[in-house]
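Data first, discussion second: the structure below is written as structure tokens.
In this chain, numbering begins with 1 at the start of the sequence shown.
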Amino acid sequence: MRVVVTGASGGIGSALVERLLTDGHRVAAIDVRAAVSDRDAPGLSTYRCDLASYEQTEEAVRRFVADAGGVEALVNVAGTNLLRPFTELSPDDWAYVLRTNLFTLFNACRATVPHMIEAAQGGAIVNFSSTFAFRGQRHVVPYAASKAGVVGFTRALAAELAPHAIRVNAVAPAATLTARVAAMPEEFLAEQLAHIPLGRFTRVEDVVNAVCFLISSDASDITGQTLSVSGGDVML
């Protein structure tokens, strides 16, 4: 399978790229940072671009499709958060989070979907939401708003692309133990852990496993859904 991964240099994105390569897939790793492109690997193509720019994203996808001969799956990992009280947020903060979490999602899907439709072989898209889209949490208002938007985007796009046999789903992880999350304030982490019935944080491999399932033929009858990978943090 030929897979495009955005946000490919982050903790989850890089782990997903590694897993896809191990499983024998051809992977396009797209990110504004170049960390994932610092090494060569069979089946890996890397593209450094600003995913908030439609033109740059479209060019990266076009190059991959030309090199690989097509694309069957897209995983939109790219995203960001700001832990900040609402009264301390600036309009620029709000715009930054929504641009990173929603505009990049549109850009990647808009750049990739026409290639899937043209190939007429179906496909799979997995977007990244969050448990914060479903439960209240202080200091994450723009993040929660954007991740709720991902859920609506996923459902609407799934309905539109179903006639083309293109499935669109989302994953909604709880706080996942990446290096970035581990560096967050202890008070915040303790507050998150208190919500989780299984009593542990989500591991990167938990999320990667869910994504790999959703893009696989094992999930061929699943579309328009959001899978909570969260130890029961929310029960959808």
### Message
Using the salt bridge (Lys or Arg N to Asp or Glu O under 4.0 Å) criterion, which residues pair with Glu72? Sequence neighbours excluded.
### Response
Arg2
### Task
Calculate, to the nearest 0.5 Å, the distance between atoms NE2 and OG belonging to His195 and Ser230 respectively.
11.5 Å
### Message
Do Phe201 and Leu193 make a side-chain contact, defined as non-hydrogen atoms from C-beta onward lying under 4.5 Å apart?
### Response
yes
### Residue pairs passing the side chain to side chain donor-acceptor pair (under 3.5 Å) test where at least one lies in residues 82-98, sequence neighbours excluded
Thr80-Tyr96, Arg84-Asp93, Ser90-Asp93
### Common cluster, Leu157/Tyr54, ILVMFWY with side-chain heavy-atom separation under 4.5 Å
no
### Task
Give a yes or no answer on whether the side chain of Thr223 reaches the backbone of Val168 with a donor-acceptor pair at less than 3.5 Å.
yes
### Query
When rounded to the nearest 0.5 angstrom, what is the spacing between CG in Asn169 and OG1 in Thr226?
7.5 Å
### Qualifying residues under side-chain hydrogen bond (donor to acceptor under 3.5 Å, both in side chains), relative to Glu186, sequence neighbours excluded
none
### Query
What pairs of residues pass the side chain to side chain donor-acceptor pair (under 3.5 Å) test when at least one of them lies in residues 205-215, not counting sequence neighbours?
Arg19-Asn209, Arg200-Asp206, Arg203-Asp206
### Rounded distance (nearest 0.5 Å) linking atom CZ of Phe132 with atom CD of Gln137
4.5 Å
## Note on the structure
Residues at least two apart in sequence or cross-chain that pass side-chain hydrogen bond (donor to acceptor under 3.5 Å, both in side chains) with Thr154, listed by chain then number, are Asn127
### Task
Please collect all salt bridge (charged side-chain N to carboxylate O under 4.0 Å, His left out) contacts where either partner lies in residues 212-236, sequence neighbours excluded, each pair once.
Arg135-Asp233
### Query
Which residue pairs pass the side chain to side chain donor-acceptor pair (under 3.5 Å) test with at least one member in residues 99-125, sequence neighbours excluded?
Asn101-Ser146
### Those residues that, when tested against Arg155, pass salt bridge (Lys or Arg N to Asp or Glu O under 4.0 Å) (two or more places apart)
none
### Task
Tell me, please, which residues at least two apart from Gln225 pass side-chain hydrogen bond (donor to acceptor under 3.5 Å, both in side chains).
none
### Query
Sequence neighbours excluded, which residues qualify as salt bridge (Lys or Arg N to Asp or Glu O under 4.0 Å) partners of Glu55?
none
#### Entry: From CA spacing to verdict: side-chain contact (heavy atoms from CB on, under 4.5 Å), Leu161, Met116
CA-CA 10 Å; Leu161 297 183; Met116 291 181 173; over 6 Å; no
## Note on the structure
So the salt bridge (charged side-chain N to carboxylate O under 4.0 Å, His left out) pairs with at least one residue in residues 157-172 (sequence neighbours excluded) are none
### Message
Can you list everything that forms a side-chain hydrogen bond (donor to acceptor under 3.5 Å, both in side chains) with Arg62? Sequence neighbours excluded, please.
### Response
Glu59
### Query
Looking at CG of Asp50 and CD1 of Ile30, how far apart are the two atoms once the value is rounded to the nearest 0.5 Å?
12.0 Å
## Note on the structure
Interatomic distance, CZ@Phe128 vs NZ@Lys147, rounded to 0.5 Å, equals 8.0 Å
### Query
Say you draw a straight line from CZ of Phe213 to CD1 of Ile222; how long is it, rounded to the nearest 0.5 Å?
3.5 Å
